[in-house]
Amino acid sequence: MDPFRFTIQARSGRARVGLLTTPHGRVETPLFMPVGTQGSVKGLLPKDLKAIGSQVLLANTYHLLLRPGPERVQALGGLHRFAGWDGPWLTDSGGFQVMSLGHLRRIDEEGVVFQSHLDGSLIRLTPERSIAIQEALGADFIMAFDECPPYPSSPEYLKASLERTLRWLERSLKAKTRPDQALFGIAQGGTDAGLRALSTRETLRFDLPGYAIGGLAVGETKEEMFPMVALSTEILPEAKPRYLMGVGHPEDLVAAMGLGVDLFDSVYPTRTGRFGSALVPEGRINLKNAQYLEDKRPLEEGCDCYACQTFSRAYIAHLVRAEEMLGGILLSLHNLRFLHRLTERAREAIRQGSYGAFAREFAERRFGKEI
Ligand SMILES: Nc1nc(=O)c2cc3nc(NCCN4CCCCC4)[nH]c3cc2[nH]1
């Protein structure tokens, strides 16, 4: 039986509730994946992530290659055992992180050569090596090695890059040996509709368990990004999960779920939490703002997370000012719970056939009035 079966349970417009089976349990989509770049979601315990409804965690090939190294993670039982998360893991393939973090020295048909951002040592990543690393790490979902072109890029560059990414997808698939891992292809094409459609269609020539929409959330405007998301989900097959990489603002999740996206990841909720901000239905509140030092209310009225059930905004504002670790920890926990509750409510609305009303109510609260 297919270890990665995906079945649609309900539809409302283009939004859908899916059930995705993995070797580490079944998950319900749409879902948001907390980012644990180096094998840890910063400041949060796996047991607390489970308690707030996290289903799949994301880690990065680039970072784990540099430290502690895939051989060590494999020798210690693989990501699930090593990092104490027995639910599904997804690993990104390293290409994006090289472009955004490493000191890229060269990109050619073979792969990329970059300098480590840790010690400057020269490292080569190819499709074959990326797959070998992801096999050693042992994630359930692994990503093809691709190039995420910088924004903006010329149509000529976008076309050459997406064609190379398709050749790298073929090499990634050929290098794959583990049947208990699902390889996702990643469509590119930037914000050029013709090239986006071309890349998506060519990626679909590979029969894969899921497809990612790459090359977006890299600095383009929402007006440029969303037509590409809509175009992608029109072309991608209904029966396979769609993963929009790097998207994590609440309003963007609501819009993209309405366009039929199933999987999301972003450092946004945890990063903005560490920087002192809490996600709330109206948007975001920054606890560094003095107005919260007397505020007895929870971060968000009605939120069931430990931070909101236990502490006031005043206390968390104090922690943030005092640069106490607990401040960023409580805000990260709340922000992730906020996104998990958002996707839980979205799944419920889809089951009721009322996703449109859900999205409208969300937008009224989010944009209807200033905070
Ligand atoms: N393999 C791969 N291919 C992509 O095209 C890609 C595209 C992406 N687009 C983003 N956007 C998120 C960028 N993030 C925003 C918050 C600060 C850190 C960077 N992440 C991505 C990850 C990606 N991974």
Side-chain angles (χ1 to χ4, degrees), residues 32-38 41-42 58-65 90-102 104 107 111-112 114 117 125-127 129-131 133-134 137 139 141-153 157-158 161-166 168-169 171-172 182-192 195-196 199-200 203 208 210-222 224-226 228-229 232 242-250 252-253 256 261 263-275 277 279 284 332 335-336 339:
F32 178 82
M33 299 183 279
V35 173
T37 294
Q38 303 185 103
V41 180
K42 294 185 180 353
L58 184 144
N60 276 316
T61 296
Y62 167 86
H63 293 82
L64 291 170
L65 168 62
L90 181 147
T91 41
D92 198 354
S93 47
F96 179 82
Q97 287 74 33
V98 168
M99 315 298 175
S100 58
L101 261 182
L104 184 64
I107 175 166
V112 298
F114 63 95
H117 73 288
L125 254 188
T126 63
R129 186 148 191 242
S130 172
I131 295 302
I133 293 164
Q134 295 182 78
L137 296 174
F141 300 100
I142 63 174
M143 308 307 284
F145 188 69
D146 65 328
E147 182 197 359
C148 175
Y151 175 84
S153 285
Y157 188 84
L158 286 175
S161 172
L162 75 85
E163 287 167 346
R164 179 163 53 199
T165 285
L166 286 163
W168 283 359
L169 169 56
R171 286 170 54 188
S172 299
L183 176 72
F184 280 23
I186 305 175
Q188 294 292 346
T191 55
D192 178 302
L195 294 176
R196 176 64 60 175
S199 174
T200 307
T203 304
L208 299 168
Y211 299 92
I213 303 168
L216 297 176
V218 288
E220 77 282 2
T221 64
K222 303 286 172 75
E224 291 175 298
M225 181 177 87
F226 277 103
M228 297 301 108
V229 176
S232 301
R242 294 98 171 243
Y243 166 24
L244 178 55
M245 305 185 88
V247 169
H249 285 235
D252 295 342
L253 263 65
V261 174
L263 302 168
F264 300 90
D265 88 275
S266 175
V267 297
Y268 175 67
T270 38
R271 181 171 293 186
T272 203
R274 290 198 306 279
F275 290 1
S277 288
L279 300 180
R284 192 173 68 178
S332 295
N335 289 351
L336 284 176
L339 290 184

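Along the sequence shown, the residues carry numbers beginning at 1. A quick note: this is a predicted structure, and the numbers were derived from the prediction, not measured. Start at 1 and go down the list; that is how both ligands and their atoms are numbered.
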With a 4.0 Å cut-off on heavy atoms, is Arg271 in contact with ligand 1? yes

Do Tyr243 and Asp265 have a side chain donor and acceptor closer than 3.5 Å? yes

Using distance alone, determine whether Asp92 and ligand 1 share an N or O pair under 3.5 Å. yes

Is there a polar contact between ligand 1 and Leu216, counting only N or O atoms under 3.5 Å apart? yes

Considering non-hydrogen atoms only, spot the tightest contact between Phe145 and Trp168 and give its length. O-CB, 3.3 Å

Using heavy atoms and a 4.0 Å limit, tell me yes or no: is Gly95 in contact with ligand 1? no

Gln188, portion touching ligand 1 at heavy-atom distance under 4.0 Å: side chain

Ignoring angles and geometry beyond distance, decide whether Ala217 reaches within less than 3.5 Å of ligand 1 through its nitrogen or oxygen atoms. yes

For Tyr62 and Phe114, I'd like to know if the aromatic rings sit close, meaning centre-to-centre distance below 6.0 Å. yes

Classify the contact between Val267 and ligand 1 as side chain, backbone, both or neither, using a heavy-atom distance cut-off of under 4.0 Å. side chain

Do you see a protein non-hydrogen atom under 4.0 Å from atom 15 (C) of ligand 1? no

Donor-acceptor pair between Gln97 and Ser100 side chains, under 3.5 angstrom: no

For Gly214 and ligand 1, does the shortest N/O to N/O distance drop below 3.5 Å? no

Met143 near ligand 1 by a heavy-atom separation under 4.0 Å: no

So that I know where these two stand, are Phe184 and Phe141 an aromatic pair - ring centroids less than 6.0 Å apart? yes

Under 4.0 Å to a heavy atom of Cys148 - the qualifying atoms of ligand 1, by number: 4 (C), 5 (O), 7 (C)

Polar atom proximity, Asp146 to ligand 1 (N or O, under 3.5 Å): yes

Give a yes-or-no answer on whether the side chains of Thr165 and Glu147 include a donor-acceptor pair shorter than 3.5 Å. no

Applying side chain to side chain contact (heavy atoms under 4.5 Å, CB included) to Asp252 and Phe264, what does each step give before you reach the verdict? CA-CA 10 Å; Asp252 295 342; Phe264 300 90; over 6 Å; no

